[in-house]
Amino acid sequence: MVQLGVNIDHVATVRQARRTYEPDPVWAAALAELGGADGIIVHLREDRRHICDRDLRILRQTVAVKLNLEMACEPEIIEIAREAKPDQATLVPERREEITTEGGLDVAGQYDRVALAVDRLREAGVSVSLFLDPDPRQIEQAARLAVDAVELHTGQYALASPGAEQEKELDNLIKVGALVRQAGLTLHAGHGLTYRNVKPVAAIEGMHELNIGHSIIARAIMVGLQEAVREMKRLVS
Ligand code: PXP
């Protein structure tokens, strides 16, 4: 069965919009677990725009399913990860000005930097996944590093127009997914997956885990807003 990792960064985005205490991603993680999440994912960015060090610390103590930390290959964050010991670290590229993680990690172009991060994390007992574009050259380098998993970036698939363009991106994910598995690495995928486009990706042979954030948090607002207003209405009247 395909595992579902739920990224709760955007619960923290709403909190940080007011620099207040709510909504608390720790509470959101517990609700996601109750909903059946197989994993909780947070991205501790260098600029701390959503998830903060405090969140990671408490989540490490409270999350009962797999805790997956998305992170850049930056020495400061590597040290935090070595101490926090998430179940998995997913290495991603990170640029301050980006709205979200825009592309996969260029492990082919930055082999030594990525290799160092992988070694440091592994020494601390953290398993490592690499977030990569579905490009055979990147998978070749991931195989050289013998990481535990590769998460294929599904952004191009998600952005493609439905029909032939999306089919082409799906075919590429299927092809490159097979290369990941042939290299003996666990296959993950994520980014831009929604209630509308997830099924064909979940059906890719050997898909182990899908990591989804924005669409689930967006949906939570829509299915929860009515009840939230009802509760406030009761208080004010
Ligand atoms: N996987 C990785 C590596 C990501 O960086 C992100 C975005 O934080 C996701 C999955 C989830 O993407 P989305 O929020 O579009 O579902």
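Source: prediction; values computed, not measured. We count ligands from 1, going down the list as the structure has it; atoms in each ligand are counted the same way. We use all heavy atoms of the structure for the numbers below, so side chains are in, but hydrogens, waters and symmetry mates are not.
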Problem set entry | Stepwise side-chain hydrogen bond (donor to acceptor under 3.5 Å, both in side chains) check, Gln88 with Ser127 | CA-CA 5 Å; Gln88 186 151 75; Ser127 93; 2.8 Å; yes
Exercise. Which residue and non-hydrogen atom of the protein lie closest to atom 4 (C) of ligand 1, and at what distance in Å?
Worked result: Glu70 OE2, 3.1 Å
Exercise. Is there a heavy atom of His43 sitting under 4.0 angstrom from any atom of ligand 1?
Worked result: no
Problem set entry | side chain to side chain contact (heavy atoms under 4.5 Å, CB included) partner of His10, the single match among Ile216, Ile51, Ile217 | Ile217
Exercise. Can you tell me which residue and heavy atom of the protein come closest to atom 15 (O) of ligand 1, and the distance to 0.1 Å?
Worked result: Gly192 N, 2.8 Å
For this session: Below 4.0 angstrom from a heavy atom of Val92, which ligand 1 atoms are there? Numbered from 1 as shown, please.
Result: 3 (C)
Exercise. Can you find a heavy atom in the side chain of Asp24 that is under 4.5 Å from one in the side chain of Ile58?
Worked result: no
For this session: Would you mind checking which non-hydrogen protein atom is closest to atom 14 (O) of ligand 1, with the distance to 0.1 Å?
Result: His214 N, 2.9 Å
For this session: Output yes when a side-chain donor or acceptor of Arg181 lies under 3.5 Å from a complementary backbone atom of Glu205, and no otherwise.
Result: yes
Exercise. Looking at atom 16 (O) of ligand 1, what's its closest protein heavy atom, distance included?
Worked result: Gly213 N, 2.8 Å
For this session: Report whether Ile212 and Ile41 are members of the same hydrophobic cluster (ILVMFWY, side-chain heavy atoms less than 4.5 Å apart, transitive linking).
Result: no
For this session: Show which atoms of ligand 1 fall inside a sub-4.0 Å distance from at least one heavy-atom site of Asn7.
Result: 8 (O)
For this session: Please work out which of the three classes, parallel, tilted or perpendicular, describes the rings of Phe131 and His153, given edges at 30° and 60°.
Result: parallel
Problem set entry | SB check Asp106 Arg113 (cutoff 4.0 Å) | no
Problem set entry | Taking atom 12 (O) of ligand 1 as the reference point, the nearest protein heavy atom with its distance | His191 CA, 3.4 Å
Exercise. Counting heavy atoms only, which part of Glu151 comes closer than 4.0 Å to ligand 1: side chain, backbone, both or neither?
Worked result: side chain
